[in-house]
Number of protein chains: 2
Amino acid sequence: MPGPIQSIERAAAILRLLASGARKMGVGELATALGLPKGTVHGILRTLQHVGFVEQSQDTGKYQLGAALFHIGSSYLDANELRTRALNWSDSLAARSKESVRIGTLHEGQVLVVHHVFRPDNSSQVLEVGALLPAHASALGRVLLANDPLGQPAGAELAGFTPYTCTDPDQLRQLLAETKSRGWAAEVEEMVEGEVSVAAPIRDRRGVTVGAIGISGPIERLCDPDRAPRTELVSYVREAARAISRDLGAIPW
Amino acid sequence: MPGPIQSIERAAAILRLLASGARKMGVGELATALGLPKGTVHGILRTLQHVGFVEQSQDTGKYQLGAALFHIGSSYLDANELRTRALNWSDSLAARSKESVRIGTLHEGQVLVVHHVFRPDNSSQVLEVGALLPAHASALGRVLLANDPLGQPAGAELAGFTPYTCTDPDQLRQLLAETKSRGWAAEVEEMVEGEVSVAAPIRDRRGVTVGAIGISGPIERLCDPDRAPRTELVSYVREAARAISRDLGAIPW
DNA sequence: GATGGGTGTTCGGCAATGTCGAACGCGGGT
DNA sequence: ACCCGCGTTCGACATTGCCGAACACCCATC
């Protein structure tokens with residue numbers, strides 16, 4: 001039976017729409033978005049509701065994601081070897097660098113954040129685990145793209161977020177080559193003005209890059225006056241990445 | 001077409017198994033667990049892999065949860081009005097009480113943690129968002145059970161975690177009645193020895209309890225010498241719960 | 001108060017759809 | 001070299017879920 005099961009594919013498409021839509025959606029809305037009859041969509045929704053993957057508002061009849069899906073999804077993190085192995089090292093990186101730490105993997109051309117340690121001051125920060133970051137404008141993404149076995153940037157326009165964002169494919173290609181050879185990446189005010197990030201690749205026992213770890217924070221603390229990342233911070237990040245890679249069984253470099 | 005779609009139900013069952021199993025599982029393993037032919041399970045797995053809900057190890061052919069599912073699940077939090085509204089208040093509760101704060105909802109008889117603020121010291125703590133807590137042995141759970149519109153404890157044995165855990169259904173029923181009338185719950189060393197938690201209900205505009213907020217920490221800090229929760233901490237928790245309820249449109253009490 | 005358009009939901013018939021169970025190929029253990 | 005277990009493929013059957021129109025409902029509108 002080579003060929004995906006349609007009802008499941010459709011159910012997945014519905015869930016993806018509900019996830020991206022941010023707010024509740026109605027049957028008709030989903031139906032037109034997918035080009036399917038209302039009845040069909042309703043049947044799928046009923047099943048998804050039955051298994052707890054979606055919930056329905058009692059007043060308006062609209063649908064939204066369900067708690068069961070959230071719980072199941074979150075247990076992805078437990079099974080994720082990268083994240084499990086990285087927990088201790090990311091804490092210590094946060095302590096040494098005094099900045100917030102994030103770990104990410106490449107997922108459909110973007111960076112999926114699988115772990116996040118807050119900056120060790122008491123400022124209030126929002127948890128970004130589960131969020132998707134643009135690959136071309138974040139240090140994590142640059143590292144992952146540069147070491148990705150498949151071809152890189154893909155098609156898609158390179159979105160600009162600040163005046164500094166690198167939106168030229170050729171320039172990006174050169175940055176990635178540089179990243180690959182020197183073993184780390186940085187991004188200075190390319191995603192958020194005043195914010196800088198630095199990252200390095202994490203490899204597994206086969207030597208392939210399975211993720212990246214990096215720090216981010218205000219430019220005043222992360223960079224020298226010449227807008228170059230401070231060398232000791234780069235060292236911290238690279239050492240953390242190397243330590244995690246070793247834990248994952250990578251050949252000691 | 002009243003009746004759930006089987007392939008989707010089965011796909012959901014597979015995902016649930018993969019989530020609970022914690023480790024990778026094989027086709028045969030899943031097939032016997034569900035009482036289905038291997039071929040059928042394989043077809044479903046292929047589809048789930050195609051949409052990114054599961055991933056397959058390249059060496060061993062075993063399956064585990066996929067990144068797409070995790071990302072979709074995490075966007076449940078964005079849509080969740082309870083959590084969104086509670087973000088600010090939980091930060092301030094953490095600051096006032098100097099303890100870690102959690103917000104939970106009832107989900108299939110257990111407490112689903114939808115938000116977690118670390119204790120504002122620099123100790124390293126693990127993020128519990130997405131985790132399920134036992135309802136009968138946590139303050140959050142007690143609050144939710146006590147105010148649940150449906151009947152309570154359900155069948156299931158009450159698991160004991162420490163010598164203090166309340167495992168007697170009758171005693172629990174009495175505790176819940178008490179909880180409901182006074183408007184808050186506590187749990188002293190019933191889940192982890194040396195740990196205490198206090199919680200209060202969050203209500204929405206219809207007055208039904210949609211969640212609970214609470215703090216937890218070591219008994220020395222949370223309790224008076226007589227093992228009773230310190231009254232000012234209880235007040236902080238109740239005030240936070242009331243503030244969030246007001247944000248959600250609950251009638252001012 | 002009747003009306004229209006907008007929901008979400010139900011129903012029955014057709015055939016496309018996914019299910020089944022046996023057979024295949026491959027690897028690791030013995 | 002063998003065997004047993006694994007994940008995977010295949011083809012035939014009929015069950016399964018799809019479709020599109022009709023239903024029930026709510027809320028604005030007139």
Side-chain angles (χ1 to χ4, degrees), chain A residues 1-19 21-66 69 79 205-206 249, chain B residues 1-19 21-66 79 81 205-206 249:
Chain A
M1 175 200 350
I5 297 175
Q6 311 172 330
S7 53
I8 296 180
E9 267 194 321
R10 290 170 171 182
I14 289 177
L15 291 177
R16 222 174 300 244
L17 272 179
L18 285 174
R23 76 187 181 292
K24 306 186 222 284
M25 296 180 80
V27 173
E29 203 175 348
L30 291 164
T32 57
L34 295 170
L36 292 175
K38 273 199 302 182
T40 304
V41 172
H42 177 69
I44 296 173
L45 281 171
R46 169 143 35 78
T47 308
L48 289 174
Q49 181 182 23
H50 182 247
V51 296
F53 284 16
V54 304
E55 292 167 359
Q56 186 177 199
S57 301
Q58 204 160 0
D59 35 353
T60 66
K62 299 195 182 295
Y63 292 88
Q64 61 177 335
L65 293 181
L69 189 69
R205 63 185 68 82
R206 302 182 307 250
Chain B
M1 176 198 350
I5 297 174
Q6 309 173 323
S7 52
I8 296 180
E9 266 193 322
R10 290 170 171 182
I14 288 177
L15 291 176
R16 221 174 302 242
L17 272 179
L18 286 174
R23 75 185 181 298
K24 307 185 221 286
M25 296 180 79
V27 172
E29 202 174 350
L30 291 164
T32 57
L34 294 170
L36 291 174
K38 273 198 303 182
T40 304
V41 172
H42 177 70
I44 297 174
L45 280 171
R46 169 144 35 81
T47 308
L48 289 174
Q49 182 182 23
H50 183 246
V51 296
F53 285 15
V54 305
E55 292 166 359
Q56 185 177 26
S57 302
Q58 203 161 1
D59 36 354
T60 68
K62 299 195 182 296
Y63 291 89
Q64 63 177 347
L65 293 181
E81 194 181 358
R205 61 186 66 84
R206 301 181 308 248

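A, B, ... follow the sequence lines: proteins, then strands. Residue 1 opens every chain.
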- Query: When you measure from the side chain of B:Arg46, which nucleotide among D:dC19, D:dT9, C:dT19 comes out closest?
  - Reply: D:dT9
- Message: What's the closest nucleotide to the side chain of B:Gln6 if the choices are C:dT19, D:dG17, D:dT8?
- Response: D:dG17
- Options D:dG17, C:dT9, D:dT8, nucleotide nearest the side-chain atoms of A:His42: C:dT9
- Here the distance between atom C1' of C:dT17 and atom CD1 of B:Ile5, to the nearest Å, is 12 Å
- Query: Quick one: does B:Lys38 reach the base of C:dG21 with a side-chain donor-acceptor pair under 3.5 Å?
  - Reply: no
- Message: If I pick the C1' atom on D:dC18 and the same atom on D:dA14, what distance separates them, to the nearest angstrom?
- Response: 16 Å
- Task: Could you tell me the separation between the CZ atom of A:Arg46 and the OH atom of A:Tyr63, rounded to the nearest 0.5 Å?
- Result: 8.0 Å
- Message: From CG of B:Leu30 over to P of D:dC6, roughly how many Å is that when rounded to an integer?
- Response: 12 Å
- Item | Spacing of B:Lys62 atom NZ relative to C:dG28 atom P, expressed in whole Å | 13 Å
- Message: I'd like to know whether A:Ile44 forms a side-chain contact (heavy atoms from CB on, under 4.5 Å) with A:Leu30, so could you lay out the CA-CA distance, the side-chain angles of the two residues, the decisive distance to 0.1 Å, and finally the verdict.
- Response: CA-CA 11 Å; A:Ile44 296 173; A:Leu30 291 164; over 6 Å; no
- Task: For B:Leu48 and D:dG7, give me the distance from atom CG to atom C1', rounded to whole Å.
- Result: 16 Å
- Task: Could you say whether A:Gln49 or B:Pro37 is positioned toward the 5' end of DNA chain C, judged by the nucleotide with the nearest heavy atom to each?
- Result: A:Gln49
- Note on the structure: Here the distance between atom C1' of D:dC25 and atom CD of A:Gln56, to the nearest Å, is 14 Å
- Check for a donor-acceptor pair, side chain of B:Arg10 on one end and backbone N or O of B:Leu36 on the other, with a separation under 3.5 Å. no
- Message: With a 4.5 Å cut-off on side-chain heavy atoms, are B:Phe53 and A:Ile8 touching?
- Response: no
- Query: For the pair made of CZ in B:Arg10 and C1' in D:dT15, what is the distance, rounded to whole Å?
  - Reply: 11 Å
- Does the side chain of A:Thr40 reach to within under 4.5 Å of the side chain of A:Leu34, using non-hydrogen atoms? no
- Item | Residue closer to the 5' end of DNA chain C, A:Val27 versus A:Ile8 (nearest nucleotide) | A:Val27
- Message: With a 4.0 Å cutoff (strictly under), does any side-chain N or O of A:Tyr63 reach OP1 or OP2 of C:dT7?
- Response: no
- Task: From the options D:dC19, C:dT19, C:dG8, select the nucleotide whose nearest atom is closest to the side chain of A:Thr40.
- Result: D:dC19
- Message: From CE of A:Met25 over to C1' of C:dT7, roughly how many Å is that when rounded to an integer?
- Response: 15 Å
- Task: Give the nucleotide from the list C:dC20, C:dG18, D:dC19 with an atom nearest to the side chain of A:Leu36.
- Result: D:dC19
- Message: Expressed as a whole number of angstroms, how long is the span from B:Glu9:CD to C:dG18:P?
- Response: 16 Å
